[in-house]
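The structure under discussion appears below in the form of structure tokens.
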Number of protein chains: 2
Amino acid sequence: MINIRIILKLLGFLLIIEGLFMLLTVPVSLIYNEADGLQIMAAGFITLLTGGISFFFNRNAEKTISKRDGYIIVSLSWILFSAFGSLPFIFTGAIPSYTDAFFETISGFTTTGASILNDIESLSHGILFWRSLTQWLGGMGIIVLSLAVLPLLGIGGMQLFIAEVPGPTPDKLHPRIKETAKRLWYIYIIFTFAETLLLWLGDMNFFDAINHAFTTMATGGYSTKQASVAYWESPYIQYVITFFMILAGTNFTLSYFALHLKFKKVFQNEEFQYYLSFVVVFTLIIAIIMYLTTESGLEYSFRTSIFQVVSIMTTTGYATADYLLWVPVSGMLIVILMFFGGSAGSTGGGVKIVRVVLLFKNSVLELKRLIHPNAVLPVRMNKMSVDPQIITNVLAFVSFYLLILVSSLIILSALGLDLQTSVGAAASCLGNIGPGIGAVGPMENYSNIPVFGKWFLSFLMLVGRLELFTVIVLFSPEFWRK
Amino acid sequence: MINIRIILKLLGFLLIIEGLFMLLTVPVSLIYNEADGLQIMAAGFITLLTGGISFFFNRNAEKTISKRDGYIIVSLSWILFSAFGSLPFIFTGAIPSYTDAFFETISGFTTTGASILNDIESLSHGILFWRSLTQWLGGMGIIVLSLAVLPLLGIGGMQLFIAEVPGPTPDKLHPRIKETAKRLWYIYIIFTFAETLLLWLGDMNFFDAINHAFTTMATGGYSTKQASVAYWESPYIQYVITFFMILAGTNFTLSYFALHLKFKKVFQNEEFQYYLSFVVVFTLIIAIIMYLTTESGLEYSFRTSIFQVVSIMTTTGYATADYLLWVPVSGMLIVILMFFGGSAGSTGGGVKIVRVVLLFKNSVLELKRLIHPNAVLPVRMNKMSVDPQIITNVLAFVSFYLLILVSSLIILSALGLDLQTSVGAAASCLGNIGPGIGAVGPMENYSNIPVFGKWFLSFLMLVGRLELFTVIVLFSPEFWRK
């Protein structure tokens with residue numbers, strides 16, 4: 001039994017919030033004396049009104065949300081946010097095509113950062129602000145989703161990441177979500193403030209600073225400049241952004257512990273250890289190769305390497321260099337990083353580090369199991385045995401990731417994209433990264449993708465962002481039966 | 001306790017067989033009046049003698065072979081065969097570099113078909129015959145390995161494929177192997193004869209016919225012509241080869257049933273059903289696209305599509321066209337087929353169809369498990385429940401396939417190969433196919449790969465051929481402990 005009224009009520013509530021944030025953009029237009037503030041305001045009111053109506057007429061809905069309702073609400077909320085969120089782009093004429101506007105907006109809310117814009121600097125401040133805000137809101141959404149909602153829905157082994165909170169209560173999501181959301185948004189907001197301040201202290205003006213803080217913390221990657229962060233040559237700016245990308249790619253629960261000075265808990269976390277190790281190892285290899293094979297100095301090589309490594313691995317997608325021009329092995333390492341993704345419970349996308357590590361550990365154990373067929377050898381993480389159910393879940397996640405990727409390659413190449421571009425676009429959108437390889441490299445954008453391709457990639461962003469199962473399950477006849 | 005004496009005895013025995021086959025090549029040289037028959041004979045005697053000594057001094061070894069001995073024997077036999085098998089190429093000067101000779105030989109014994117030769121037609125008949133024979137012997141080896149040895153060693157879910165033979169007796173491999181080998185070689189030889197005859201009846205001379213029969217049945221793909229099968233424009237020749245490639249990519253147990261007129265058992269086999277479906281679907285898509293987008297006629301489009309589809313999917317690697325010149329989606333489909341591979345129990349390599357199907361089925365079930373968390377939903381194959389242990393095995397196999405592939409991409413690109421060539425070479429060698437994409441496409445070869453790259457790819461061919469675990473387990477400290 002799907003509870004349509006509670007679904008409509010909740011979605012209405014979420015649209016009200018979106019409408020309010022849209023209206024929050026209007027003052028930006030006013031400050032910069034931009035006439036299109038009026039159109040943004042109209043979009044805001046339409047969103048607010050639609051949400052309000054849906055909420056009002058269902059305000060008395062039962063409070064019980066079933067798992068099934070949960071799946072529907074999660075998927076629909078991202079789609080509705082994107083549908084309404086594209087209105088400011090359309091009303092102001094910033095992005096005239098609806099396809100492009102929807103693509104840009106869902107790329108924002110999924111914190112992907114794939115853009116169809118060819119001249120970002122021509123946009124008004126109001127529109128740029130809304131564009132960055134879509135990512136920031138998407139990041140907020142994903143923190144709650146990955147740390148409070150998905151574990152309760154049993155998606156892709158995410159149960160593993162809520163070891164710190166008391167047992168799940170599948171049929172009453174409400175109180176837990178509220179509590180977790182409060183805790184973690186507070187950190188999200190503090191970090192955003194801190195980054196804004198630090199960037200502002202550097203070469204950036206306040207507007208660029210807050211926009212980049214929004215899109216860094218969301219691991220989104222939308223920049224206010226066509227050249228992305230490469231626009232600022234200041235090492236200080238690039239290091240600040242690198243640091244906050246690393247934070248944004250870290251499980252927010254760990255940041256919560258860190259802010260409460262429980263550093264032991266942070267550094268004992270195995271996923272975090274692997275995360276930092278991967279950053280260090282990939283950065284060093286690429287930096288040393290860059291230093292040895294180009295005219296670049298040591299500091300530049302290090303900075304450019306760590307920026308690109310962190311940007312791709314956390315699935316942010318900013319660029320200060322074009323990795324497609326690097327020697328093959330460095331480019332290959334970046335492509336491989338596209339599949340790692342951020343930590344679970346961060347705003348980063350992709351497969352997620354904990355899954356990559358579990359996949360590897362389980363494979364190694366499988367060898368041991370082959371040698372000792374009768375031994376019981378559980379996978380261990382954070383010094384504890386991992387429930388075999390979670391391993392199964394992780395393997396299923398990786399299998400689906402592959403199946404979706406392969407199907408996407410067929411579809412994208414059928415639209416005429418060459419092999420590299422198909423791989424780049426599919427991996428990048430499914431992983432919520434932004435830049436890919438081929439014609440969608442870090443110095444290019446998605447404007448030349450055919451219309452159907454843009455809709456398909458929008459779908460991929462959604463699927464990737466919602467940890468695959470949340471969306472795919474809706475396509476299963478089993479889900480709708482009974 | 002590793003039983004070195006039995007290992008040496010068995011390897012000695014296998015080398016004696018290799019030496020005898022090498023000597024069998026000498027008459028070919030005599031027939032064509034080629035002086036290098038003498039060098040081939042020398043190579044044959046050296047092999048025979050080495051094998052003889054090893055066998056003789058260990059003739060009284062205990063008969064019990066442990067699982068551990070099994071792994072060692074299997075891996076070493078392929079390496080030794082390649083080391084000695086490269087002697088004819090070196091002694092005759094056909095391939096002066098030892099690296100190249102070893103690469104060409106292990107590419108033969110693993111039935112990969114990746115070649116470093118730039119002018120195949122310049123080789124003597126004797127050498128060409130030996131080159132084809134390495135593949136044919138490799139194919140014989142793989143039939144026994146996949147249908148009799150590996151299931152007993154518990155490798156990668158291969159137990160699934162011996163449902164037809166009585167229960168495994170882990171510590172006494174000998175009788176079972178002998179029995180299975182006899183049965184299946186008999187079919188292998190019949191098919192080889194039949195293909196030789198049919199090709200000879202067409203445009204081919206007897207020498208080319210027997211060579212192509214050797215390398216078809218092994219899904220090896222070595223041709224006597226630089227242009228591969230494209231040299232023969234005869235549709236008849238191409239269809240005959242296509243038909244036998246399909247046979248070679250089929251589980252030989254099924255062919256055994258077919259020859260005993262038990263057709264029901266053949267067509268009820270689910271892997272076989274999927275195998276044929278994949279051939280049909282991929283062929284039709286590519287043929288229709290080719291017909292619509294080029295000047296090609298219907299028959300030519302069909303023939304060229306089915307030939308390339310079957311050649312890549314069965315991991316044979318012959319070419320009658322360059323799929324890299326096709327429209328993107330057709331090229332992409334061929335690249336995807338590189339990961340399917342032949343049926344289990346065939347001479348084909350790759351992931352194998354049964355594993356691809358199980359992976360897909362398990363993923364779909366995982367969705368159902370998500371919706372009904374308490375239901376027990378086993379994967380079904382051939383109308384029976386599949387032991388969860390086998391699913392775990394299959395998932396581990398696919399995980400390892402990925403891990404090895406990704407590591408290979410890093411190593412190959414570090415040698416300076418571009419992204420496409422790295423992907424093409426790694427996928428092709430690990431899958432025992434032959435041609436890849438980029439600089440190792442179907443109309444190219446591996447001569448320009450750096451020396452270290454050739455050794456690394458040789459290793460990949462071995463790992464792929466021996467179903468990953470057989471080789472990898474030897475690198476595990478666990479294996480050598482106690």
Side-chain angles (χ1 to χ4, degrees), chain A residues 67-68 153-156 170 285 289 327-333 335-336 339 359-360 362-373 388 391-393 395-400 402-403 406 409-423 437 469 472-473 475-476 478-479 481, chain B residues 67-68 71 153-156 170 289 327-333 335-336 339 359-360 362-373 388 391-393 395-400 402-403 406 409-423 437 469 472-473 475-476 478-479 481:
Chain A
K67 246 181 163 178
R68 214 191 282 226
L153 295 179
I155 298 282
I285 296 175
I289 292 172
V327 295
V329 64
S330 302
M332 187 62 90
L333 289 172
V335 172
I336 289 168
F339 295 91
L359 183 76
F360 184 79
N362 185 59
S363 301
V364 171
L365 271 184
E366 202 57 36
L367 274 187
K368 290 199 183 172
R369 289 187 195 117
L370 200 64
I371 300 168
H372 309 294
I391 299 295
T392 311
N393 242 316
L395 290 173
F397 182 92
V398 174
S399 308
F400 258 109
L402 277 181
L403 291 175
V406 170
L409 294 182
I410 297 175
I411 290 169
L412 293 173
S413 60
L415 297 173
L417 304 188
D418 63 72
L419 302 198
Q420 290 219 25
T421 305
S422 301
V423 172
I437 58 173
F469 295 110
I472 298 169
V473 86
F475 289 88
S476 153
E478 201 80 9
F479 181 82
R481 207 166 289 164
Chain B
K67 247 179 162 182
R68 214 191 283 227
Y71 292 118
L153 295 181
I155 297 283
I289 293 173
V327 294
V329 64
S330 302
M332 186 63 90
L333 289 172
V335 172
I336 290 168
F339 295 91
L359 183 76
F360 184 77
N362 187 59
S363 301
V364 171
L365 270 183
E366 201 57 37
L367 274 187
K368 291 199 184 173
R369 289 188 196 119
L370 200 62
I371 301 168
H372 308 295
I391 300 294
T392 312
N393 242 315
L395 289 172
F397 182 92
V398 174
S399 307
F400 258 109
L402 276 181
L403 290 175
V406 170
L409 294 182
I410 298 177
I411 290 168
L412 292 173
S413 60
L415 298 173
L417 304 188
D418 64 73
L419 302 198
Q420 290 218 26
T421 306
S422 302
V423 172
I437 57 173
F469 295 110
I472 298 170
V473 86
F475 288 88
S476 152
E478 201 80 6
F479 182 83
R481 207 166 287 165

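Residue numbers start from 1 in every chain, and the chains themselves are labelled A, B, ... in the order their sequence lines are given, proteins ahead of strands. These numbers were taken from a predicted model, which means no experiment stands behind them.
Of the listed residues B/Val473, B/Val329, B/Ile437, B/Asp418, the one with more heavy-atom pairs under 4.5 angstrom with chain A than any other is B/Val329. Considering only heavy-atom pairs separated by less than 4.5 Å from chain B, the leading option among A/Val335, A/Val423, A/Leu402 is A/Leu402. Note: A/Leu395 leads A/Ile285, A/Leu365, A/Leu395, A/Val398 in heavy-atom pairs under 4.5 Å with chain B.
With a threshold of 4.5 angstrom between heavy atoms, B/Leu403 approaches chain A through side-chain atoms but not through N, CA, C or O. There is no contact between B/Ile391 and chain A, counting heavy-atom distances below 4.5 Å. In this structure, chain A has a heavy atom under 4.5 Å from the side chain of B/Ile336, while its backbone stays farther away. Only the side chain of B/Leu333 has a heavy atom closer than 4.5 Å to any heavy atom of chain A. Heavy-atom distances place the side chain of B/Ser476, and not its backbone, under 4.5 Å from chain A. There is no contact between B/Val327 and chain A, counting heavy-atom distances below 4.5 Å. Only the side chain of A/Ile371 comes within less than 4.5 Å of a heavy atom in chain B; its backbone stays farther off.
Taking each heavy atom of B/Ser399 and A/Ser363 in turn, the nearest pair found is CB-OG, 3.2 Å.
Rounding to the nearest 0.5 Å gives a distance of 11.5 Å between CG of A/Leu370 and CD of B/Glu478. Put simply, NZ on A/Lys368 and CZ on B/Phe479 are 15.0 Å apart, with the number rounded to the nearest 0.5 Å.
With a 4.5 Å cut-off on side-chain heavy atoms, B/Thr392 and A/Glu366 count as touching. Side-chain contact between B/Leu367 and A/Phe400 is present, with heavy atoms from C-beta onward closer than 4.5 Å.
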